[in-house]
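First up is the structure itself, then whatever we jot down about it.
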Amino acid sequence: MALFSKKTDLAQIQADLSRLPRHIAIIMDGNGRWAKKRGLPRTAGHAAGAETFRTIATYCKDIGLDYLTVYAFSSENWKRPEEEVGAIMGLLKKYLLEAIGRMERDRVKMEFFGDLSPLTSELRELCERTREISQHYEGCQVNICLNYGGRDEIVRAAQAFALDCAEGRADPNHLTVDRFGGYLYSKGVPDPDLVIRTSGELRLSNFLLWQAAYSEFYITDVLWPDFSKEELHRAIAAYQSRDRRFGGV
Ligand code: FPP
């Protein structure tokens, strides 16, 4: 279901970059189908997807987006063949090593949403290092969802809150939506204004269940490795044409 399917150049797409959404979140779907269409292994689709992520993350920083959150690996993705899981983890490692190398130049703040404990110690340490080095950067913040599941995030938050109550640091009578948000991986990050999903599927797939309560959605048939700056502009233009009422009139 392409909302805007006509191919055109950047300048013709009516996205106003002077009033960007603050936070864009992306479900980067369709790597496998992209590879299949070309007779390539699925892992080639993920490698192409990682390139697209680089291009889009850099572009988001360049246009002045405050927050970008991407779904890189869900808590359900462990069910995939070992070779495919290994390839995705390898691409993440490659990306993080590169990111560390150019951090002082890019000044992108990086965070990770998800339970990193089942990752290899090497990948965990890389995530931690990337996070630490970039903590003081104030430009674009890129959040990589890694071994992430929205329901799991909410359950963990509930457990942490229950523990705070049991140990006298919190009071259930004073729990508010904002306070509960402080127990989520996304603590301190505004909710996504726009959620983009590539490859045409009409579902949320356990992504940012709490945070996407009032997000605008943009679904495109374009497969993630083919997603481009033009497609991003189309998504932003669609967002800017929406009337956000947050339950009001
Ligand atoms: C969904 O496509 C994609 C994933 C599960 C993995 C996303 C990973 C990357 C883009 C590469 C690594 C990321 C970074 C941040 C460097 P799919 O495999 O479900 O595609 P399909 O639905 O067509 O099979």
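In this chain, numbering begins with 1 at the start of the sequence shown.
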Kindly determine whether His233 and Tyr59 satisfy ring-ring contact (aromatic ring centres under 6.0 Å, His included), including the steps that lead there.
-> CA-CA 11 Å; His233 276 223; Tyr59 188 61; 5.7 Å; yes

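Ion pairing between a basic and an acidic side chain is recognised when a charged N comes within 4.0 Å of a carboxylate O; Glu138 and Lys109 show no such pairing. The pair Glu153-Arg156 does not count as a salt bridge, with every side-chain nitrogen at least 4.0 angstrom from each carboxylate oxygen. Ion pairing between a basic and an acidic side chain is recognised when a charged N comes within 4.0 Å of a carboxylate O; Glu132 and Arg129 show no such pairing. Using a 4.0 Å cut-off between charged side-chain N and carboxylate O, Arg42 and Glu83 make no salt bridge.
Across Ile24 and Ile196, no two heavy atoms sit closer than the pair CG2-CD1, 3.8 Å. Gly49 and Pro225 get closest at one heavy-atom pair: N-CG, 4.1 Å.
Between Asp164 and Tyr183, some side-chain heavy-atom pair lies under the 4.5 Å cut-off. When side chains are defined from C-beta on, Ile26 does not count as touching Tyr71, because their heavy atoms never get closer than 4.5 Å. Counting heavy atoms from C-beta outward, Cys145 and Val70 have side chains that stay 4.5 Å or more apart. Using a 4.5 Å heavy-atom cutoff, the side chains of Met110 and Leu96 are in contact. Looking at heavy atoms from C-beta onward, Leu194 lies in side-chain contact with Tyr218 at the 4.5 angstrom threshold. Using a 4.5 Å cut-off on side-chain heavy atoms (C-beta onward), Leu65 and Leu68 make contact.
Thr120 is linked by a side chain to side chain donor-acceptor pair (under 3.5 Å) to nothing, counting only residues two or more places apart in sequence or in another chain. Shown here are the salt bridge (charged side-chain N to carboxylate O under 4.0 Å, His left out) partners of Arg80, two or more places apart in sequence or in another chain: Glu84. Judged as a ring pair (Phe, Tyr, Trp, His ring centres under 6.0 Å), and not counting sequence neighbours, Phe112 has no contacts. Taking the ring pair (Phe, Tyr, Trp, His ring centres under 6.0 Å) definition, one finds that Tyr67 meets it with His23, sequence neighbours left out. By the side chain to side chain donor-acceptor pair (under 3.5 Å) test, Asp171 is found to be paired with Asn173, His174, residues two or more places apart in sequence or in another chain being considered. Applying the ring pair (Phe, Tyr, Trp, His ring centres under 6.0 Å) criterion to Tyr137, with sequence neighbours excluded, gives no partner residue. Shown here are the ring pair (Phe, Tyr, Trp, His ring centres under 6.0 Å) partners of Tyr239, two or more places apart in sequence or in another chain: there are none.
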Can you give me every donor-acceptor pair (side chain of residues 88-95, partner residue at least two apart or in another chain, under 3.5 Å) with its distance?
| unit_1 | atom_1 | unit_2 | atom_2 | d |
| --- | --- | --- | --- | --- |
| Lys93 | NZ | Glu122 | OE2 | 3.2 |

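Sorted by first and then second residue, the salt bridge (Lys or Arg N to Asp or Glu O under 4.0 Å) pairs involving residues 66-78 (not counting sequence neighbours) are Arg22-Asp66. Evaluation of the salt bridge (Lys or Arg N to Asp or Glu O under 4.0 Å) test over residues 185-202, restricted to residues two or more places apart or in two chains, returns Asp29-Arg197, Arg33-Glu201, Asp193-Arg244, Glu201-Arg203.
Side-chain contact, Asn143 with Tyr185: no donor N or O sits under 3.5 Å from an acceptor N or O. For the residue pair Gln14/Asp16, the side-chain donor-acceptor check at 3.5 Å is not satisfied. For the residue pair Ser117 and Asp115, a side-chain donor N or O sits within less than 3.5 Å of a side-chain acceptor on the partner.
In this structure, Lys229 places its NZ atom where only 12 or fewer heavy-atom neighbours from other residues, nucleotides or ligands lie under 6.0 Å away. Residue Arg102 places its CZ atom among more than 12 non-hydrogen atoms of other residues, nucleotides or ligands, all under 6.0 Å distant. The neighbour count for Gln135 CD, taken as heavy atoms of other residues, nucleotides or ligands under 6.0 Å away, is above 12.
Cluster partners of Trp34 are Leu40, Leu223, counting Ile, Leu, Val, Met, Phe, Trp and Tyr whose side-chain heavy atoms approach within less than 4.5 Å, directly or via other members. Clustering of Ile, Leu, Val, Met, Phe, Trp and Tyr by side-chain heavy atoms under 4.5 Å joins Tyr214 with Phe246.
Classification of the Phe161-Phe180 ring pair by plane angle, with boundaries at 30° and 60°, yields perpendicular.
Outside the 6.0 Å centre-distance limit, the rings of Trp224 and Phe53 are not counted as a close aromatic pair.
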